[in-house]
There are 2 protein chains.
Amino acid sequence: MDKSSELEQVKKCCGHFILAVNDTLNVINGKWKLPIISSLIYGKKRFKELERDIAKITPRMLSKELKELELNGIVKRTVYDTIPVKVEYELTSSGKSLKKVLEVMVEWGLEHRENIIGK
Amino acid sequence: MDKSSELEQVKKCCGHFILAVNDTLNVINGKWKLPIISSLIYGKKRFKELERDIAKITPRMLSKELKELELNGIVKRTVYDTIPVKVEYELTSSGKSLKKVLEVMVEWGLEHRENIIGK
DNA sequence: AATACTAGTATACTTTTGTATAGCATGTGA
DNA sequence: TCACATGCTATACAAAAGTATACTAGTATT
């Protein structure tokens, strides 16, 4: 079965649809993963740059979430052998492919901002 | 400023992009909200139907999450004055508009399934 | 010498999320 | 009458997520 027909099959069945959603959810779940990925869409970043970009995140959370994202193959960590050491984080190809997901979320967020605030 | 140029503006700025992502994230965050919404994409459902559709969810969690989704204007709850009472849950127009978000997540999930499992 | 930057870790804590189990009020079918 | 379905709520607890604060080691700046 090819990609597009697999997609069509899944869309027909609620149970399969939920499973596929969960596959994605397991990777991006939590308060901080999407903000981190969002920031990295704009290019490689160092630890402190991410910390400044993402309001209210603590170094503990940033460190923990970056490790999980690395484990899931979303983020690549590179240590440069300079003095002092420089560490850079960037999206892998899997990570970059999440951009589509992020963009539709941004569109939805903009459309429903007033709706959400006025609750 | 119109919709599409607002979107273009936001995409240019990492900070604004993160804010818009967070607006969406606040509504769909957690382990169960997307599965519930996914299930309701396939039509109105009763409490027990949702419980059966969504593997491993407990009635406590289902009840709690449905209330939050109702508060956020994603789900509408209707009680029918029959004997015995019948309660139905369905997506509002805001809820239905999340379908796009869900569908790109399904696509990503399918594409990256092996990648995720083979970690 | 004092201060600040980088890239984090350590400790302790609170809050949220989730699980397990039971129960209730109502009604239906065998 | 007994078990079962519906639509939940109650209680107790465990685990995960998140927060707050302090700290380290190395280097550079003032």
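Note that this is a predicted model, so its numbers are computed, not measured. Per chain, numbering begins at 1; letters A, B, ... match sequence-line order.
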_With B/Tyr89, the side chain to side chain donor-acceptor pair (under 3.5 Å) member among B/Lys44, B/Arg77, B/Lys45_ = B/Arg77
Rounded distance in Å - [atom1] ([X]) to [atom2] ([N]):
X	N	atom1	atom2	result
A/Glu88	C/dA7	CD	C1'	13 Å
A/Lys48	C/dA7	NZ	C1'	7 Å
A/Arg46	C/dG8	CZ	P	10 Å
A/Ile57	D/dA20	CD1	P	13 Å
B/Lys31	C/dT17	NZ	P	13 Å
B/Glu51	D/dC4	CD	P	16 Å
A/Ile36	D/dA17	CD1	P	13 Å

Side-chain N or O of [X] versus OP1/OP2 of [N]: is the shortest distance under 4.0 Å?
X	N	value
A/Ser63	C/dT9	yes
B/Tyr89	D/dC8	yes
B/Trp32	C/dT16	no
B/Lys64	C/dT17	yes
B/Arg77	D/dC8	yes

Give one of base, sugar-phosphate or nothing for [X], where a contact means two heavy atoms less than 4.0 Å apart.
X	value
A/Leu62	nothing
A/Pro59	base
A/Tyr80	nothing
A/Lys67	sugar-phosphate

Any carboxylate oxygen within less than 4.0 angstrom of a Lys/Arg side-chain nitrogen, looking at [X] and [Y]?
X	Y	value
A/Arg46	A/Glu88	no
B/Glu70	B/Lys76	no
B/Glu51	B/Lys48	yes

*By nearest nucleotide on DNA chain D, pick out whichever of A/Lys56 and A/Pro84 is the more 5' one.*
A/Lys56
*Between B/Lys86 and A/Thr58, name the one whose nearest nucleotide on DNA chain D is closer to the 5' end.*
B/Lys86
*Taking only the side-chain heavy atoms of B/Met61 (C-beta and beyond), determine which of C/dA7, D/dT19, C/dG18 contains the nearest atom.*
C/dG18
_Nearest-neighbour nucleotide for the A/Phe47 side chain, C/dA7, C/dG18, D/dG7 considered_ = C/dA7
*Among A/Leu98, A/Leu40, A/Ile28, A/Leu66, side-chain contact (heavy atoms from CB on, under 4.5 Å) partner for A/Ile74*: A/Leu98
_Can you tell me whether the side chain of B/Arg60 and the base of C/dT19 have a donor-acceptor pair closer than 3.5 Å?_
yes
*Does the side chain of B/His112 pick up a donor-acceptor pair with the side chain of A/Thr24 at under 3.5 Å?*
no
